[in-house]
Amino acid sequence: MSLSLKFRGAAVVVAVAAMALTGCSSSDDVETTSATPTTSGSAAPALETLTEGKLTIATSEPAYSPWVLNDDPSTGEGFESAVAYAVAEQLGFGKDDVVWVRADFNASIAPGPKDWDFNIQQFSITEERKTAVDFSSPYYTTSQAIVTTGDSPAATATSIADLKNVQVGAATGSTSYEAAAAQIGTDKLQVFDDNDKAVAALQAGQIDAIVIDLPSAFYLRDAVLDDGKIVGQLPDSTAGGDQYGLVLPKDSPLTTAVSAAVDALAADGTLKALEDKWLTTAENVPVLQ
Amino acid sequence: MSTVETWEPSALELDRRRYRQRSAKRSALIAVVSTLVFAAIIAVGIINSPGWDAVKESFFNVEIGAKYFTAILKGLWLNIQVLFFSSIGVAIFGTLLAVLRSLRGPVFFPLRFLAAAYTDLFRGVPLIIVLYLIGFGVPALGIFPKLPNYVWGTIAIILTYSAYVSEVLRAGIESVHPSQRIAARSLGLSHAQTLRLVVIPQGLRKVVPALMNDFVSMQKDVGLISVLGAVDAVRAANIASALTYNFTPYVVAALLFVAISFPVIRFTDRVTARMTGREQNAGTV
């Protein structure tokens, strides 16, 4: 781990040095050429990526289903892995040109050079976050759901008022937390490092229910929990739902091109097809009031 | 006695004293100037670094710090409560373990062995893992009533820190010279009385700095209970950081932790200095 980090660090240093050596004139060239994919929508030469000719994409460690299946993004299986490859293709990078790295939340928002071109791990687009990083156009809109187990007191909840009397958990840094804090309140809210810990607490009976995005809720109910149950969805606190975007370093030269690529995928129906393939959205989950 | 009171230092001695005073002042001045220059060089270096503006914005954003201060302070209150109960638990359980390990006689071998195995195990296992095992594992057994996560956190901290503290106490107990025990027994005190009245008070005094060190260490480790879902100062800072994509809340939490540990650190220094002074005076009976 530390060795690979060091290696990545070295790669960043080399890349930065290379950029510095090639100077300003070459970056002007890149800006003019980077307009190509937005117009043609395919085969774009010489985008200013971290490693020339390669597109370095970051995801979480571990990456969760159904976003990335089996924690292996390079297979293209799972919604975000598939979206990442589709975006890469739009930008003119073949499957072999994509390099996957792992990045955690804190490292992703810390100032300083990054070792990825863009980062895909269910980052919700918010105004506050835009001060620290760039976002592409949204590639998915979700809502938040309440997951519990059959024998939990939360299993019989039919309204948000019922949830105020049980202990609900959420992962820190997630819009699930924000939705839970806003709609259920923070009095009894338990906050965990990530969804894994929240699930452990639910299984141990330390909390009664979890707030999590809807696709993950389906996955938890069907594949993780013994007696999983989705109580319902939280009503959208933001108009139009919670939108996920690709994260790019602040003021990245790639932001425009990546956004255009996502827009193109939305326009030609690719995103919808991938959603239908990887995310269970067909089911009707009642919205709690 | 009266001769001592009327004694006046000679002109030469007064001269010497003045010289010592002057040179003490001079070295203090040099130390101050050198510290300031050193700090200035570091500060200028950091401020002129290419990423300083970004770092300042991410880590020292006064507006964000002020906005989340009360939430973090509220979290800190939970840490202080956990610290309070952990300290009591560790004092009792740690002493018990230390006494068990210093029991003499072959009859007590199983107890000595258990205590030794316990300290070996819990000094080796990282606290964060103990927290996960106790906080998620024990409730899952389903034999205890549902307890809040910070209770399990407190128990995990007691289990881990008792192991450290018992070793420190044992070192203190064993540092008391055997002649003290022999003298106490020859005065007719039982083994337990010897331990309680003679050995532990002396041993404890020897290890006060080490104990205080463990206490300060525990003071910040109570921040780890956040992994069990409790919203303490660390988690409150973590939530604020996640909402703003800014690290200033962590800096605020760090300063608050320093603020609560500072009195303890100063107090320890004072106690240690006083004890050293007393021990060095021991010659004049």
Side-chain angles (χ1 to χ4, degrees), chain A residues 16 20 105-113 123-135 151-153 166-178 180-182 186-194 196-208 210 247 249-251, chain B residues 49-61 63-64 67-68 71 74-75 128 131-153 224-232 234-250:
Chain A
V16 169
F105 175 83
N106 279 337
S108 302
I109 61 169
F123 279 110
S124 301
I125 303 171
T126 65
E127 285 306 315
E128 292 89 351
R129 292 173 176 185
K130 280 182 185 166
T131 61
V133 290
D134 280 359
F135 282 103
D151 55 358
S152 154
V166 297
Q167 286 198 310
V168 175
T172 181
S174 65
T175 32
S176 312
Y177 167 80
E178 287 176 57
T186 52
D187 286 352
K188 290 190 148 188
L189 190 60
Q190 317 279 299
V191 189
F192 298 88
D193 287 347
D194 47 48
D196 279 358
K197 309 293 186 316
V199 170
L202 178 66
Q203 286 171 326
Q206 282 295 92
I207 54 173
D208 303 315
I210 298 176
V247 163
K250 188 78 190 145
D251 300 326
Chain B
S49 65
W52 168 244
D53 282 339
V55 169
K56 188 178 152 196
E57 176 54 34
S58 283
F59 290 84
F60 304 103
N61 187 320
E63 204 181 302
I64 288 177
K67 189 175 169 195
Y68 292 99
K74 207 175 137 204
I128 194 154
L131 277 163
Y132 285 138
L133 295 181
I134 300 292
F136 294 145
V138 177
L141 295 175
I143 48 176
F144 295 99
K146 188 167 169 176
L147 293 169
N149 44 29
Y150 50 81
V151 173
W152 294 114
L224 288 173
I225 60 161
S226 61
V227 299
L228 298 181
V231 182
D232 71 333
V234 174
R235 180 62 80 203
N238 176 244
I239 290 168
S241 172
L243 291 176
T244 57
Y245 268 35
N246 191 291
F247 292 90
T248 310
Y250 287 121

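What you see is a predicted model; the values in this text were computed from it and never measured.
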Please tabulate, for side-chain N and O atoms in residues 144-151 of chain B, each donor-acceptor pair with protein atoms closer than 3.5 Å (sequence neighbours left out).
unit_1    : atom_1 : unit_2    : atom_2 : d
Lys146(B) : NZ     : Asp208(A) : OD1    : 3.0
Asn149(B) : ND2    : Gln190(A) : OE1    : 2.1
Asn149(B) : ND2    : Leu228(B) : O      : 3.4

With a 4.5 angstrom heavy-atom cut-off, which part of Phe136(B) approaches chain A: side chain, backbone, both or neither?
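Interface part for Phe136(B): both.
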
Could you look at Val231(B) and say if it's the side chain, the backbone, both or neither that has a heavy atom under 4.5 Å from chain A?
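For Val231(B), the side chain is the part near chain A, not the backbone.
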
Relative to chain B, which of [options] shows the most heavy atom pairs under 4.5 Å?
options	value
Glu127(A), Arg129(A), Glu128(A)	Arg129(A)
Val133(A), Thr175(A), Thr131(A), Thr172(A)	Thr172(A)
Lys130(A), Lys197(A), Gln203(A)	Lys197(A)

I'd like to check Glu178(A) versus Leu243(B) (side-chain heavy atoms, cut-off strictly below 4.5 Å). Are they in contact?
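Yes, side chains in contact.
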
Any side-chain heavy atom of Asp193(A) within less than 4.5 Å of one from Arg235(B)?
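Touching, per the 4.5 Å side-chain cut-off.
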
Neighbour count >12 (heavy atoms, 6.0 Å) for atom NZ, Lys67(B)
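It does not: Lys67(B) NZ has 12 such atoms or fewer within range.
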
Counting only heavy atoms closer than 4.5 Å, note whether [X] contacts chain B via side chain, backbone, both or neither.
X	answer
Ala170(A)	neither
Gln167(A)	side chain
Tyr177(A)	side chain

Flag the one option from Gly51(B), Pro50(B), Ser58(B) with the top tally of heavy-atom pairs under 4.5 Å to chain A.
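The residue among Gly51(B), Pro50(B), Ser58(B) with the greatest pair count is Ser58(B).
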
For the candidates Ala54(B), Gly229(B), Ser241(B), Ala242(B), which exhibits the highest count of non-hydrogen atom pairs separated by less than 4.5 Å from chain A?
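Going by pairs under 4.5 Å, I would pick Gly229(B).
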
Any idea which heavy atoms bring Val227(B) and Phe192(A) closest together, and the distance?
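Closest pair (atom of Val227(B), atom of Phe192(A), distance): O-CD2, 3.9 Å.
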
